[in-house]
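Presented below is the structure to which this report refers.
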Amino acid sequence: LLQSLSKVLTQQRDFDTSNLTVVRVDLDTPRYGKDAVRADFMNQTISRLRHIPGVESVAATSATPLTGNTWEDAIVRPDHPVSAGQEPIADMRWVSPSYVSTLRIPLLEGRDLQPSDRNHPTNVLISQQTARHVWPKEDPVGRTFQAGGETYTVVGVVANARINSLKSTTNMVYVPYWDNPWWWSVFLVRSP
């Protein structure tokens, strides 16, 4: 039992959990019934948490890291159709622009999400694994794909991280949270 616990605690995650506080907030009440109200709550909470002395960075996400897959969807490339059911599947994760930097997941290509992407809520980040499966031997930055009836544009590629499970990595798409603010929010706060 102790060996198993030690292995879990020292397992490579490919993201940094040291000095990270995780708080989940349930917004499933009539007060937060509209997307705009939930997005505003998240904006204000991130801003207020950033101003707490000692806080280095703050991020928000739709799911706590290591709690499994949340929203899986097929990735469709209109410029490269494949047979139905053969599309790569990715886990869609709604995040704030500071998610990747707060978890210290390396940015490999392109750029990170930015507050200015609020005017372009379909700009997304993808994992390196997603890039390899969807655009083998091609640069995915600036390319578009469809998932869940929406067309997204890749602005950056980040390193693979064991966000869902310690056992393996999965195809990941990181979507700005204001595109679809969830009924709960998970805030990640990094401090010294």
Side-chain angles (χ1 to χ4, degrees), residues 12-17 35 39 42 46 57-182 185-186 188 190:
Q12 178 64 25
R13 295 176 185 90
D14 306 311
F15 63 94
D16 186 2
T17 58
D35 286 354
M42 293 174 73
I46 290 169
S57 63
V58 178
T61 179
S62 57
T64 305
L66 300 177
T67 56
N69 294 359
T70 53
W71 181 303
E72 293 182 316
D73 224 321
I75 295 181
V76 177
R77 280 182 55 185
D79 66 325
H80 187 72
V82 297
S83 302
Q86 299 301 310
E87 303 94 347
I89 302 296
D91 189 22
M92 311 290 283
R93 188 69 49 107
W94 280 263
V95 301
S96 68
S98 51
Y99 180 78
V100 170
S101 60
T102 298
L103 286 178
R104 297 181 177 157
I105 301 171
L107 179 67
L108 303 176
E109 294 179 57
R111 65 170 177 83
D112 200 349
L113 295 173
Q114 301 170 354
S116 61
D117 287 322
R118 187 176 315 276
N119 299 324
H120 306 282
T122 56
N123 285 349
V124 299
L125 299 174
I126 61 172
S127 65
Q128 185 178 27
Q129 181 173 320
T130 306
R132 277 197 309 263
H133 285 128
V134 181
W135 290 277
K137 300 179 183 178
E138 297 178 56
D139 182 1
V141 175
R143 306 292 291 273
T144 61
F145 67 92
Q146 296 172 344
E150 187 72 66
T151 299
Y152 295 101
T153 302
V154 177
V155 296
V157 178
V158 300
N160 296 328
R162 297 172 191 268
I163 291 294
N164 299 340
S165 165
L166 289 176
K167 292 181 180 179
S168 64
T169 59
T170 187
N171 292 335
M172 296 296 298
V173 175
Y174 300 100
V175 184
Y177 69 85
W178 49 77
D179 177 57
N180 182 18
W182 281 44
S185 298
V186 178
L188 309 169
R190 182 171 296 286

query = Taking Ser96 for the side chain and Ala60 for the main chain, is one N or O donor matched with an acceptor at less than 3.5 Å?
reply =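 Indeed, once roles are kept as given, a pair shorter than 3.5 Å links the two residues.
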request  = Report yes or no: does Asn123 contribute a side-chain atom to a donor-acceptor pair with the main-chain N or O of Val155 at less than 3.5 Å?
outcome  =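 Looks like no, no N/O pair under 3.5 Å.
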request  = Check the pair Glu150, Val175 against side chain to side chain contact (heavy atoms under 4.5 Å, CB included), reporting the backbone distance first and the verdict last.
outcome  = CA-CA 11 Å; Glu150 187 72 66; Val175 184; over 6 Å; no
Shortest non-hydrogen separation from [X] to [Y] and the atoms involved:
| X | Y | result |
| --- | --- | --- |
| Ser98 | Ala59 | OG-CA, 3.6 Å |
| Leu107 | Asp112 | CD2-N, 3.6 Å |
| Trp94 | Pro176 | CD1-O, 3.5 Å |
| Val134 | Pro88 | CG2-CG, 3.9 Å |
| Met172 | Ala90 | N-CB, 4.5 Å |
| Asn160 | Gln129 | OD1-N, 2.7 Å |

Pair Val154-Glu109, side chain to side chain contact (heavy atoms under 4.5 Å, CB included): steps then yes or no = CA-CA 10 Å; Val154 177; Glu109 294 179 57; over 6 Å; no
Counting C-beta onward and ignoring hydrogens, is there a side-chain heavy-atom pair between [X] and [Y] closer than 4.5 Å?
| X | Y | value |
| --- | --- | --- |
| Pro115 | Trp178 | no |
| Val173 | Met92 | yes |
| Val157 | Pro140 | yes |

Rounded to the nearest 0.5 Å, how far apart are [atom1] of [X] and [atom2] of [Y]?
| X | Y | atom1 | atom2 | value |
| --- | --- | --- | --- | --- |
| Leu113 | Leu125 | CG | CG | 4.0 Å |
| Gln146 | Asp73 | CD | CG | 11.0 Å |
| Arg93 | Ser127 | CZ | OG | 11.5 Å |
| Asn171 | Asp91 | CG | CG | 9.5 Å |
| Ile126 | Phe145 | CD1 | CZ | 7.0 Å |
| Ser57 | Arg104 | OG | CZ | 7.0 Å |

task = On the 0 to 90° scale, with breaks at 30° and 60°, tag the Tyr174-Tyr99 ring pair as parallel, tilted or perpendicular.
result =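 Rings of Tyr174 and Tyr99: tilted, as their planes differ by 30° to 60°.
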key: Partner of Trp135 by side-chain contact (heavy atoms from CB on, under 4.5 Å), out of Arg132, His133, Lys137, Glu138   =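 The residue from Arg132, His133, Lys137, Glu138 that satisfies side-chain contact (heavy atoms from CB on, under 4.5 Å) with Trp135 turns out to be Glu138.
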